[in-house]
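Structure, as structure tokens:
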Amino acid sequence: MHKKSDHNTRRILNFPAVIPSQDVNPATLLRSLITLSTSITSHQSEFFATQRRNARETIRQISILSILFTEVYEHDVIRFPDSVVLCFSELHHALQKIMFLIEDCRRPGARVWLLMKSHDVAERFSLLIRTVATALDVFPMSEVNVSCEVKELVEMVVKQAGKVRIEVNPDDEYAMKRVMLILNQFENRFEPDSIMIKRVLYYLRIDSWSECHKEIRFLDEQISLELDDNNERELHLLNTLAGFMRYCRGVLFENSALDVVNDEQLVIGRPNLEILSCLNPEDFRCPISLELMTDPVTVSTGQTYDRVSIQKWLKSGNLICPKTGEKLATTELVPNLNLRKVIHQYCVDHGVQISKFQSQSRDISSTILPGSPACAEAIKFLSEYLVRRLRNGTEKQKSKAAFEIRLLAKSNIYHRFCLIEARAIPPLLALLSSSDPIAQENAVAGLLKLSKHSNGKRVIINHGGLNMIVNVLKTGLKQESKQIAAATIFYLSSVQTNQKLIGEIPEAIPALIEQIKTGTSCGKKNSLAALFGILLYPRNHQPALSSGIIPLLTNLISTSEKPEIVTDSLAVVATLSESFDGSDTILKSSSLPLIIKTLQTSSSRAAKEYCVSILLALCNNLGNEVTAILANNTNLIGFLYTLSTNGGSQGAKKARTLIRMMHRFHETNSSGLMANWDSSRIAAVHSC
């Protein structure tokens, strides 16, 4: 009847208790009551960071009720008056909620939040104890067969429940006031005394990096939930506590983080999961609407928005940049064609519809602002501390600081801004040359996160970071570092001028191609994405072609068992095919039959559309030499017709264009044959 709650699906302090049905079997109800009460009392000896006295008192009273339920169950439970069943049902409903409350008081990572909610939690304990007392007060004890001792115990519970004072523990009250003082100091731009902070954390037994990190993860989860509910008051508290705990994790527990990473791989888990997809959906959202940009445009400050959203903003009389707050020099909107193409390719590549994209992608646009003044200052203090460690610390401290930056900038725009303002990028670049593989990996991963910010891209370029990142891509001490370097190059290539700069580094394109040859699946995917970004600059096509990219990609398309690798390879080939040299190389490498075969056999719509793009580019660049081959393939036209009706808008359009070209070729050929046949007949008549 009662199922153990799941912390991953139930929101904290939310009690989805179920009232037993009226026709429930008494024996079943009693067995469930025994199970519930046993589960509650099993927490008797466990540690409660807060609500210690209230939890102990509640558990003690439930342990007495457990004796009642057991003794009643051991006697005849076939027949019970309705009044007894009703009271047991009320008790069952109350005990479910008590079980949820006890579990929440022990929920991993919720200690500091529960401390700040002490009054609310104490009130819930009080309400539930009164509910139990009310049900027992009207319980028809004479209708059940129990001993006098049990009856006396139950009467004692009823009396004590009416007298006991469920209130906030004085120690909780004191710790809560200490936290409020600390947060107030942050808000007033005063860095709190570390001893005061440690005392509070010691009281809550948050005594390690991993415990502190659990608190942050819990707070971040709650922030996501409250964002959906638009609960501004709760969001203010959660953001404030999250900033506070991030400061504690980075400043107070720096000596334990690296051991956690090395031994348990907490947080980052498998390194390739963190960087599996370089094309990050969060960067394709409009900062105003928080939705996928279908028509990205750039304003005078250099920031990009969806056209519809920024036009509404301007029509409302706003003449400042929504993201930076700077005054707009002009209201002119410049289409960001490169970004639009990248977004389109991402959606086609991954088969993502816009509606699905919006619902499944995590939104971090709300992190442009810190969430509270105290959080803002805590992150600034933390950023400055980490940069000092990067500059002046030991090798181990530098590696740990880089790892904290890696975490801090992972999914928060304001954190990235603070780190960039604190000048974290130059020492991170310097750390790339470290002989410690872990330090190098943490440094390049931190740079990857900061490269997602427009200011971060600029600072990396201005400090000569491109060559350093390419060097890691080429000679990195760990495969993971090479993969992350490829991902960083992709983000840097989203700026058109950077595409040219990357192409001018002789080792860049060959190093990416080497990763495609020898890297892991993640390395191949990241390198293909980076190469795709670089090739948006047409002059980079020739170095790639000279490095033998077409035969390599052809081999990947024909041999890879991973559909996403095949699709990414086709995307790069499609980009190269847009130039004459690219088309010529594709034809000479005998790749055309493979492209046709992939179009006919692939189950991926994205792969099919890339194949059509390649075929159309070959026809446009090489003319009838290719068109004749396609026109003579009798099976091809059917696949093109299917794609012209079932494909995406761009894919369908290209398929229709290719069909028209093939029809035109047939008509021209037929006309030529007919003309030759007529000439032969006339010549024959004249000879007669």
Side-chain angles (χ1 to χ4, degrees), residues 1-5 15 17-46 48 51-103 105-106 121-167 169:
M1 183 177 291
H2 168 69
K3 294 183 179 179
K4 189 174 181 179
S5 64
F15 308 146
V18 178
I19 300 176
S21 62
Q22 293 180 350
D23 57 349
V24 64
N25 184 287
T28 302
L29 180 58
L30 268 172
R31 281 197 300 270
S32 186
L33 280 168
I34 293 170
T35 301
L36 262 174
S37 57
T38 302
S39 297
I40 293 170
T41 55
S42 68
H43 293 284
Q44 178 71 49
S45 60
E46 294 177 350
F48 288 84
Q51 305 292 331
R52 295 167 190 171
R53 190 173 63 186
N54 294 336
R56 298 279 181 266
E57 177 61 26
T58 302
I59 292 171
R60 187 188 66 81
Q61 295 189 17
I62 301 305
S63 67
I64 295 174
L65 293 184
S66 180
I67 299 172
L68 168 67
F69 302 144
T70 303
E71 187 160 326
V72 172
Y73 183 74
E74 289 173 352
H75 293 81
D76 188 8
V77 295
I78 297 176
R79 296 179 181 177
F80 270 151
D82 291 343
S83 58
V84 173
V85 175
L86 179 60
C87 285
F88 278 149
S89 295
E90 290 294 327
L91 287 170
H92 190 280
H93 190 237
L95 261 61
Q96 288 179 67
K97 292 185 176 182
I98 289 173
M99 185 66 210
F100 289 138
L101 183 55
I102 295 292
E103 288 177 347
C105 287
R106 288 191 36 77
V121 177
E123 179 62 32
R124 290 171 185 255
F125 270 112
S126 179
L127 177 62
L128 290 172
I129 288 296
R130 289 198 301 269
T131 302
V132 170
T134 301
L136 291 174
D137 195 36
V138 297
F139 188 84
M141 195 66 69
S142 60
E143 300 292 341
V144 294
N145 187 12
V146 294
S147 65
C148 294
E149 291 81 358
V150 171
K151 290 182 180 180
E152 290 175 359
L153 285 173
V154 172
E155 290 173 0
M156 182 182 68
V157 168
V158 175
K159 290 178 181 179
Q160 289 182 348
K163 294 178 180 179
V164 69
R165 295 183 62 186
I166 300 293
E167 57 187 12
N169 188 304

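Note that these values count all heavy atoms, side chains included, but never hydrogens, waters or copies made by symmetry. Here the structure is a predicted model, which is why all the values come from computation and not from measurement.
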Within this structure, what is the [atom1]-[atom2] distance for the pair [X] and [Y], rounded to the nearest 0.5 Å?
| X | Y | atom1 | atom2 | answer |
| --- | --- | --- | --- | --- |
| Glu123 | Leu128 | CD | CG | 10.0 Å |
| Glu155 | Ile64 | CD | CD1 | 12.0 Å |
| Gln44 | Arg60 | CD | CZ | 9.5 Å |
| His92 | Leu33 | NE2 | CG | 5.5 Å |
| Glu71 | Leu153 | CD | CG | 9.5 Å |
| Ile62 | Ile98 | CD1 | CD1 | 4.0 Å |

Q | Candidate pair Phe125 and Ile102, rule side chain to side chain contact (heavy atoms under 4.5 Å, CB included), full reasoning | A | CA-CA 9 Å; Phe125 270 112; Ile102 295 292; 4.0 Å; yes

Q: Just do the side chain to side chain contact (heavy atoms under 4.5 Å, CB included) check on Leu101 and Thr58 with the steps written out, would you?
A: CA-CA 11 Å; Leu101 183 55; Thr58 302; over 6 Å; no

Any side-chain heavy atom of [X] within less than 4.5 Å of one from [Y]?
| X | Y | value |
| --- | --- | --- |
| Asn169 | Gln51 | no |
| Leu68 | Val72 | yes |
| Phe69 | Thr35 | no |
| Leu86 | Ser83 | no |
| Phe88 | Val24 | no |
| Leu65 | Leu136 | yes |
| Pro140 | Cys87 | yes |
| Val85 | Ser89 | yes |

Q.
Which heavy atom of Ile34 sits nearest to which heavy atom of Thr70, and what is that distance?
A. CD1-CA, 4.0 Å

**Q.** Polar contact flag, side-chain donor to acceptor under 3.5 angstrom, Arg130-Thr134
**A.**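 Per modelled atom types, Arg130 and Thr134 side chains form no pair under 3.5 Å.
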
Q) Is it the case that Asn54 and Glu57 place a side-chain donor and acceptor less than 3.5 Å from each other? A)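 Asn54 vs Glu57: no donor-acceptor pair found between side chains.
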
Q) Does Arg124 count as lying over the ring of Phe100, i.e. NZ or CZ under 6.0 Å from the six-ring centre, within 45 degrees of the axis? A)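 No.
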
Q) Are any side-chain N or O atoms of Gln96 and backbone N or O atoms of Val18, one a donor and one an acceptor, separated by less than 3.5 Å? A)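 Yes, Gln96 side chain to Val18 backbone: donor-acceptor pair under 3.5 Å.
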
**Q.** Parallel, tilted or perpendicular, as decided by the 30° and 60° cut-offs, for the rings of His43 and Phe48
**A.** perpendicular

Q: Under the side chain to side chain contact (heavy atoms under 4.5 Å, CB included) rule, what do Gln61 and Val132 come out as? Steps first, then yes or no, please.
A: CA-CA 10 Å; Gln61 295 189 17; Val132 170; 5.6 Å; no

(Q) Against Ser37, only a single residue in Ser42, Ser32, Ser66 fulfils side chain to side chain contact (heavy atoms under 4.5 Å, CB included); can you say which? (A)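 Result for side chain to side chain contact (heavy atoms under 4.5 Å, CB included) with Ser37: Ser66.
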
